[in-house]
Amino acid sequence: MKATARAHTNIALIKYWGKRDRSLILPMNNSLSLTLDGFYTETTVEFHDYLTADVFYLNNDCITGKAYQRVTSFLDRVREKAGRTDVYAEVHSVNHVPTAAGLASSASGFSALAAAASKAIGMQLNNQELSVLTRQGSGSACRSVYGGFVEWEKGLKEDGSDSHAIPIVPANHWDIRVAAAVMSSDAKKILSREGMERTVNTSSFYPSWVESIPADLITIKKGIMHKDFEKVGSIAEANCLRMHATTLAAHPPFTYWQSTTFLIMEAVRDLRSSGVPAYFTIDAGPNVKVLYLPEDEETVQHKLRSIAGVRDVIVSKPGQGISYV
Ligand code: PMV
């Protein structure tokens, strides 16, 4: 009863922002992401008859507290689904996602955990079923089941059985780059969970965010199919700005941006005015990810590294979905 899985993290180009069901993690809107090859989590799960509770090691440290609770509650769902509420697991996870890059390790983490745990306990889930299960650990993680460009369909059912990712095109369809600009910052975080809830409940801009999604999705998917970089980049950037606008209209208002965030956004606009197609996107934090084409590698790296407050630039290509090791 042992399995090891590897999952990569993903970056949303059309953001998931807001839940309609907290416990099942059902989103208000569809979202669309690119799985990234540079950042992944590898997780081994082994169920033992003799254990009386789960144990969780992350990068060889034994984890307790909230992070442990999230893992063990997720394993409860796996046990229930498998009809094996009598067994507990030893979980070993190794994260290859530099936390400083501001990429969600929860996406690769829960995706690898769901794959390894479901296999170890003897379930043979297809990717769609695995995505439904993964979603219940962390929403954005359900997209990491697949490689390349991926859409998460919000679904319509109350039980969440139709809320899962679907692959659009595989990683080898299009060679683009995503650079994560790493900044020196230890500002207090508003977790995505809290941020979403506050905007859904109080932001006067929230309804127009939800209304804007279908049109963005149609345009960006056309752009992806035709490898129209300007179309994909400009939709992703505008979608990100609209998501962040909802936080400014929340009560109390808040923003994830810091001064360096603005400097990077300006640098990306500068690149564009000098003829280099580059676009930014930002998740629930101050870090900025920049989309560009391989031929502009040097120019983009140089520009980003020259910004005061940027400590490092980590580049990724499109990556693969779940694999078993
Ligand atoms: O799945 P969570 O709770 O980490 O939320 C992710 C939210 C965003 O990163 C802001 C957007 C997204 O679609 O990944």
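By convention here, the first residue in the shown sequence is residue 1. Whatever order the structure lists them in is the order used to number ligands and atoms, beginning at 1. All values below were derived from every heavy atom in this structure, side-chain atoms included, with hydrogens, water molecules and symmetry-related copies excluded.
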Q) Under 3.5 Å, side chain of T43 to main-chain N/O of S93, donor-acceptor pair present? A)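 Absent.
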
Q | K221/E151 ion pair, N-O < 4.0 Å | A |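 Result for this pair is yes, salt bridge flagged.
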
Q) Does D296 come within less than 4.0 Å of R177, counting only side-chain N to carboxylate O? A)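 No.
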
Q.
S192 versus ligand 1: do any nitrogen or oxygen atoms come within less than 3.5 Å of each other?
A.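 Yes, there is a polar N/O contact under 3.5 Å.
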
Q. Hey, any chance L293 and M225 share a hydrophobic cluster, counting ILVMFWY side chains that come within less than 4.5 Å of each other, even indirectly?
A.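 They do share one cluster, since a chain of ILVMFWY contacts under 4.5 Å joins L293 to M225.
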
Q | Among D283, N239, I14, closest by any non-hydrogen atom to atom 9 (O) of ligand 1 | A |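 The option holding the nearest heavy atom is D283.
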
**Q.** M196, portion touching ligand 1 at heavy-atom distance under 4.0 Å
**A.**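 Contact part for M196 vs ligand 1: side chain (C-beta onward).
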
Q: Tell me which part of S140 gets within contact of ligand 1: side chain, backbone, both or neither, using heavy atoms under 4.0 Å.
A: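 Both the backbone and the side chain of S140 come within reach of ligand 1.
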
Please report which non-hydrogen protein atom sits nearest to [atom], along with the residue it belongs to and the distance in Å to one decimal place.
atom: atom 10 (C) of ligand 1; result: A284 N, 3.7 Å
atom: atom 11 (C) of ligand 1; result: Y16 O, 3.4 Å
atom: atom 14 (O) of ligand 1; result: R143 NH2, 2.8 Å

Taking 4.0 angstrom as the limit and counting only heavy atoms of [X], give me the atoms of ligand 1 inside it, by number and element.
X: G139; result: 1 (O)
X: S138; result: 1 (O)
X: A12; result: 12 (C), 13 (O), 14 (O)

Q: Verify whether the ring centers belonging to W257 and H244 lie closer than 6.0 Å.
A: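 Here the rings of H244 and W257 have centres that are less than 6.0 Å from each other.
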
**Q.** S144 and S111 side chains, donor-acceptor separation under 3.5 Å
**A.**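 Looking only at side-chain atoms, S144 and S111 do not form any donor-acceptor pair under 3.5 Å.
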
(Q) A quick test of your reading: do over 12 heavy atoms of other residues, nucleotides or ligands sit less than 6.0 Å from CZ of F205? (A)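 No, the 6.0 Å shell around CZ holds no more than 12 heavy atoms from other groups.
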
